[in-house]
Amino acid sequence: MALILLRAVFILVTSGLGVAMIQSGLFLGSSDWAPLITLGSILILALVVIILDILTPRKRLETISAVYFGLMVGFFLSYMINIGLTPFYHSISDNASMVGKIQNASHLVLTVFMCYISISLLLQTRNDFRFIIPYVELSREWKGLHPYLLDKSVVIDGRILDLAGTMIFQTPLMIPRFIIEELKQMSESSEKICRIRGQRGLDVLEKLRKKPQIEFRIYDGEVSGGKDQSAEMKLVLLAKEIQAKLATTDAALLKVARLNDVEVLNLNDLANALKPVFLAGEQCEIQVLKPGEEASQGVGYLSDGTMVVVEGGRPFIGKVVKITVTSVLQTSAGRMIFGKVSAS
């Protein structure tokens, strides 16, 4: 609504500008149609500006700030240089009218060149500065609570949605735009499994965005030094840059992040920590579903997905048996329980 109102006011202002130009006699020829042509040209130009604005809905704040600030610097520098060249202009000719024309033309050329140079310089250095008004804010540190950066694996996994719903996260959840683009590419893949994973990831993000109790953000900024890096490495660099924590289920990314001194939340470790603890000698019931690697072994699963290897369980495939726990193996990939068929 605010944008519609702004565009309507802009059309009214440009219409008033056209009327003012007609009354001033600028850009008018001898034709009776000249006033209408002048007004129509200004309104067409205004409509072109509005159409370009509508066609580019996502504008990068740092780019816009760089352009605005570059224009300001360009106009200021061209003005100062033009003043400094005033004695030179007067040395060219004694005709005041000629000097004025030369000075105006030189000022116009200087303005165009200085604005271009200033904008180009600021656009090339926007990764080194935070282009949030004022431009001179040099720090790129995150203000407030440091967020959790979500990687592709943790979004596709989906458990982050249920975990966030428990209000365990007191900090914002954030995902960079380049990870969303990667999920989008996966959802359009010709491979069925890849396409399903990408679509699932996008669905999870949409559900996170709609949860009112979760502060969910999308990071649109660029990563310093991440131009030629992989998405995983860019994620690590971004986490280090804004002092964020990384949430993942990817073991390789976990190691890379820790090598770069980035705090990591491994959802697999969290899930394992919440699983029931079984000690050697305890008994439980398990349904043997398939044969194990050894001749006498059977394999079953607890309700949370924990694999249970049953010694002597192969004859009981398809049946529920009582087992005695002999040992528990804990790894980052998960937990495995070893037991044997109980005699009782």
| query | Taking C-beta and beyond as the side chain, do Val310 and Lys340 meet within less than 4.5 Å on heavy atoms? | reply | no
| field | same_hphob_cluster(Met72, Phe75) at 4.5 Å side-chain heavy-atom cutoff | value | no
| task | Please confirm whether the backbone N or O of Ser78 pairs with a side-chain atom of Thr111, one donor and one acceptor, at under 3.5 Å? | result | no
| task | Determine, stepwise, if the pair Asp261 / Arg258 fulfils side chain to side chain contact (heavy atoms under 4.5 Å, CB included). | result | CA-CA 5 Å; Asp261 298 322; Arg258 286 176 176 169; over 6 Å; no
| said: Assess the residue pair Val321 and Val288 against the criterion (side chain to side chain contact (heavy atoms under 4.5 Å, CB included)); give the C-alpha distance rounded to whole Å, side-chain angles, the decisive distance to 0.1 Å, and a yes or no. | reply: CA-CA 7 Å; Val321 296; Val288 183; 3.9 Å; yes
| query | With side chains defined as the heavy atoms from C-beta onward, is the minimum distance between Leu173 and Leu149 less than 4.5 Å? | reply | no
| query | Any side-chain heavy-atom pair from Leu267 and Ile160 closer than 4.5 angstrom? | reply | yes
| query | Mind checking whether Phe216 and Ile218 have side chains closer than 4.5 Å, heavy atoms only? | reply | yes
| request: Classify the angle between the aromatic ring planes of Phe169 and Tyr148 as parallel (below 30°), tilted (30 to 60°) or perpendicular (above 60°). | output: perpendicular
| query | Is the cationic atom of Lys234 (NZ for Lys, CZ for Arg) positioned less than 6.0 Å from the six-membered ring centroid of Phe178 and within 45 degrees of its normal? | reply | yes
| query | Same hydrophobic cluster for Ile117 and Leu77, using side-chain heavy-atom links shorter than 4.5 Å among ILVMFWY? | reply | no
| Would you say the side-chain atoms of Arg197 pair up with the backbone N or O of Asp157, donor to acceptor, closer than 3.5 Å? | no
| field | Side-chain donor or acceptor of Arg217 paired with backbone N/O of Met174 under 3.5 Å | value | no
| request: Kindly give the heavy-atom pair with the smallest separation between Gly312 and Pro315, and that separation in Å. | output: O-CD, 3.5 Å
| Ser187-Gln199 side chain donor-acceptor pair, cut-off 3.5 Å | no
| If you look at every heavy atom in Asn82 and Ser106, which pair is closest and at what distance? | OD1-OG, 4.1 Å
| Where Thr324 and Gly281 come nearest, the two heavy atoms and their spacing | CG2-O, 3.9 Å
| message | So does Leu265 get a backbone contact from the side chain of Asp269, meaning a donor-acceptor N/O pair under 3.5 Å? | response | no
| note | dist Tyr219:OH -> Ile175:CD1 (nearest 0.5 Å) comes out at 14.0 Å
| request: To the nearest 0.5 Å, tell me how far Thr14 OG1 sits from Ile44 CD1. | output: 11.5 Å
| request: Please tell me if the side chains of Asp250 and Leu254 come closer than 4.5 Å, counting only heavy atoms from C-beta onward. | output: no
| Do we see a donor-acceptor contact under 3.5 Å between the side chains of Ser296 and Glu311? | yes
| What do the steps show when you test Leu237 against Met233 for side chain to side chain contact (heavy atoms under 4.5 Å, CB included), and what is the final call? | CA-CA 6 Å; Leu237 292 174; Met233 194 62 205; 4.1 Å; yes
| request: Mind checking the CG-CG spacing from Leu246 to Leu238? Nearest 0.5 Å is all I need. | output: 9.5 Å
| Same cluster for Val320 and Ile337 if Ile/Leu/Val/Met/Phe/Trp/Tyr side chains link at under 4.5 Å? | no
| field | Heavy-atom side-chain proximity of Leu235 to Pro176 below 4.5 angstrom | value | yes
| query | Is atom CG of Leu259 surrounded by more than 12 heavy atoms (other residues, nucleotides or ligands) closer than 6.0 Å? | reply | yes
| task | Please test Leu270 against Leu163 for side chain to side chain contact (heavy atoms under 4.5 Å, CB included), starting from the C-alpha separation and ending with a verdict. | result | CA-CA 10 Å; Leu270 181 60; Leu163 192 60; 3.3 Å; yes
| message | If you count every heavy atom of other residues, nucleotides or ligands that lies below 6.0 Å from Glu206 atom CD, does the total exceed 12? | response | yes
| task | Check whether the side chains of Thr249 and Asn268 place a donor and an acceptor atom closer than 3.5 Å, and report yes or no. | result | no
| query | Any link between Tyr116 and Ile81 through a network of hydrophobic side chains (Ile, Leu, Val, Met, Phe, Trp, Tyr) touching at under 4.5 Å? | reply | no
| field | ILVMFWY network linking Val112 to Leu110, side-chain heavy atoms under 4.5 angstrom | value | no
| query | So how far is it from Phe76 CZ to Met114 CE, rounded to the nearest 0.5 Å? | reply | 11.0 Å
| task | Looking only at non-hydrogen atoms, find the nearest pair between Phe88 and Ser91 and report the distance. | result | O-OG, 2.6 Å
| message | Quick test of your reading of the model: are Lys184 and Glu188 salt-bridged, counting only N-O distances below 4.0 Å? | response | yes
| query | Between Pro291 and Val299, is any pair of side-chain heavy atoms under 4.5 Å apart? | reply | no
| CD/Glu282: more than 12 non-hydrogen atoms of other groups inside 6.0 Å | yes
| Pairwise distance CD(Glu182) to OG(Ser230) - rounded to 0.5 angstrom | 9.0 Å
| task | Check whether any side-chain N or O of Thr306 sits under 3.5 Å from a backbone N or O of Leu302 as a donor-acceptor pair, and report yes or no. | result | no
| query | Measuring from Met186:CE to Lys152:NZ, what's the distance to the nearest 0.5 Å? | reply | 5.5 Å
| message | Can you confirm whether Leu202 sits close enough to Val155 that some side-chain heavy atom of one is under 4.5 Å from a side-chain heavy atom of the other? | response | no
| query | So which heavy atom on Ala247 is nearest to which on Val154, and how close? | reply | O-CG1, 3.5 Å
| How far apart are the closest heavy atoms of Leu208 and Leu150, and which atoms are they? | CD1-CD1, 4.0 Å
| task | For Ser189 and Gln185, indicate whether the former's side chain and the latter's backbone hold a donor-acceptor pair under 3.5 Å. | result | no
